[in-house]
Amino acid sequence: MLKLNAFLAGLLFGVGLLLAGMANPTKVLAFLDVAGAWDPSLALVMVGAIAIAIGPLTWARRQRRSVLGNPMQLPARKELDRRLVGGSLLFGVGWGIAGICPGPAVTILLTGHWQAIVFVLAMLAGMGIFTLLETRRNP
Amino acid sequence: MNVDWLNFTPWSSLAGGALIGLAASLFVVGNGRIAGISGLIGSLLQRNREGASEKALFILGLLVAPLLWGLFKALPPIEFQSGWSGLILAGLLVGLGTRYGSGCTSGHGVCGISRLSPRSMLATACFMLSGFLTVFVLRHLTGV
């Protein structure tokens, strides 16, 4: 059940990204281009997502186990540090260059666009560099 | 401000967002996990054994989504604006940045804000800001 639920959640997430327009880099860049011909649609993606998710996530914060029996694993970190800010700023620059963030990148990987494959390989490399730097810092 | 009403898709974006929220809810309520894509991929890359099959199946669901969609109707437009160098640079920055920042649009922007996490609110403000600024610089200052 845990595995089936995980697969269905991923599937639904991908369908949501496609329907929302998040999987179209041109639309994402039009959303980020507030000084140009601005397409505000994607602000509504976040509104819709949070409106639905806020109830279940609030519930989850008070649980020790999930409905299917997994331990509830919510992030415990609280600190507002330089890594969080620096990393997020860096991510935003990459997002602004190509209009692709990790969820849509994976979702469009098998749609036959070479650009998606190049982007995902570079993204995996970026994550690999992070792991490399981290293991060097804390061997 | 000049809104592009022709390309404004409030209903499909709102409905798509609702599906994303539903998916994130399903994952946290059922599996007790945050549907943060960069975190899930990062964990799989680091060979973290904990929940690896559940995480991989969530990712598989994402990969299958457009194939399933394609069985019923034509895929929505997927149009790129960048060439090789832009895609590689952007991918590297997205990979590195989301790992240092512990999340991306899904983990911080949707799940984090929904659980009222100050860290996620700050992270979301940061990547939105640098996203807006990057597009501004590239499109209106340097004319690339």
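What's counted below: heavy atoms across the whole structure, side chains too, no hydrogens, waters or symmetry copies. Every chain is numbered from 1 and lettered A, B, ... according to where its sequence line falls, protein lines coming before strand lines.
Interface summary for chain B: among A:L29, A:L109, A:T135, A:I100, the most heavy-atom pairs under 4.5 angstrom belong to A:L29. Heavy-atom pairs under 4.5 Å with chain B were tallied for A:R65, A:Q63, A:E79, A:K78; the largest tally goes to A:E79. The most heavy-atom pairs under 4.5 Å with chain B, out of A:L90, A:L44, A:V118, come from A:L44. Ranking A:L8, A:L42, A:T111, A:V28 against chain B, the residue ahead of the rest is A:T111, based on heavy-atom pairs under 4.5 Å. For the options A:V34, A:V47, A:D33, A:V85, heavy-atom pairs under 4.5 Å to chain B are most numerous at A:D33.
Using a 4.5 Å cut-off between heavy atoms, A:P71 touches chain B through its backbone atoms (N, CA, C, O) alone. At a 4.5 Å heavy-atom cutoff, the contact between A:R77 and chain B is made by backbone and side-chain atoms alike. Using a 4.5 Å cut-off between heavy atoms, A:L121 does not touch chain B at all. Residue contact with chain B, scored on non-hydrogen atoms closer than 4.5 Å, is absent for A:A51. Both the backbone and the side chain of A:P75 come within contact range of chain B, each with at least one heavy atom under 4.5 Å from a heavy atom of that chain. Residue A:L133 touches chain B through its side chain alone, counting heavy-atom pairs closer than 4.5 Å. Only the side chain of A:R61 comes within contact range of chain B, with at least one heavy atom under 4.5 Å from a heavy atom of that chain. Using a 4.5 Å cut-off between heavy atoms, B:L40 makes no contact with chain A at all.
For B:D4 (side chain) and A:D39 (main-chain N/O), no donor-acceptor pair under 3.5 Å exists by modelled atom type. Of the possible donor and acceptor atoms, one in the side chain of A:N5 sits under 3.5 Å from a partner among the backbone N and O of B:L26.
Note that the CG atom of B:L63 and the CG atom of A:L110 stand 5.0 Å from one another [nearest 0.5 Å]. To the nearest 0.5 angstrom, A:M46 atom CE is 7.0 Å from B:T105 atom OG1. With rounding to the nearest 0.5 Å, the separation of OG in B:S130 from CH2 in A:W95 is 9.0 Å. Distance check: B:L89 CG to A:I97 CD1 gives 4.0 Å after rounding to the nearest 0.5 Å. Taken from CD1 in B:I59 to CZ in A:F13, the straight-line distance is 9.5 Å, to the nearest 0.5 Å. Note that OH of B:Y100 is 14.5 Å distant from CG of A:L89, once rounded to the nearest 0.5 Å.
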Pair A:V106-B:F58, side chain to side chain contact (heavy atoms under 4.5 Å, CB included): steps then yes or no: CA-CA 11 Å; A:V106 176; B:F58 185 97; over 6 Å; no
Working for side chain to side chain contact (heavy atoms under 4.5 Å, CB included), residues A:L19 and B:W69: CA-CA 10 Å; A:L19 179 63; B:W69 179 299; 4.1 Å; yes
Step-by-step side chain to side chain donor-acceptor pair (under 3.5 Å) determination, A:K27 to B:S13: CA-CA 11 Å; A:K27 195 167 178 71; B:S13 288; 5.1 Å; no
Side chain to side chain contact (heavy atoms under 4.5 Å, CB included) between A:I54 and B:L116, intermediate numbers included: CA-CA 8 Å; A:I54 195 162; B:L116 310 177; 4.2 Å; yes
Trace of the side chain to side chain contact (heavy atoms under 4.5 Å, CB included) decision for A:D81 with B:R119: CA-CA 9 Å; A:D81 52 12; B:R119 262 175 73 82; 3.8 Å; yes
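Contact of the A:M123 side chain with the B:S38 side chain is not registered, since no non-hydrogen atoms from C-beta on lie closer than 4.5 Å.
At a cut-off of 3.5 Å, with distance as the only test, no side-chain donor of B:Q46 or A:E134 sits close to an acceptor on the other residue.
Considering all non-hydrogen atoms of both residues, A:L18 and B:P66 come closest at CD1-CA, 3.7 Å. In plain terms, the two heavy atoms of B:T9 and A:S41 that are nearest each other are N-OG, 2.9 Å.
Hydrophobic clustering, defined by side-chain heavy atoms of Ile, Leu, Val, Met, Phe, Trp and Tyr closer than 4.5 Å, groups A:L57 together with A:W59, A:V67, A:M72, A:L74, B:V28, B:V29, B:I34.
Residues in residues 76-97 of chain B take part in these side-chain hydrogen bond (donor to acceptor under 3.5 Å, both in side chains) pairs, two or more places apart or across chains: A:T26-B:Q81.
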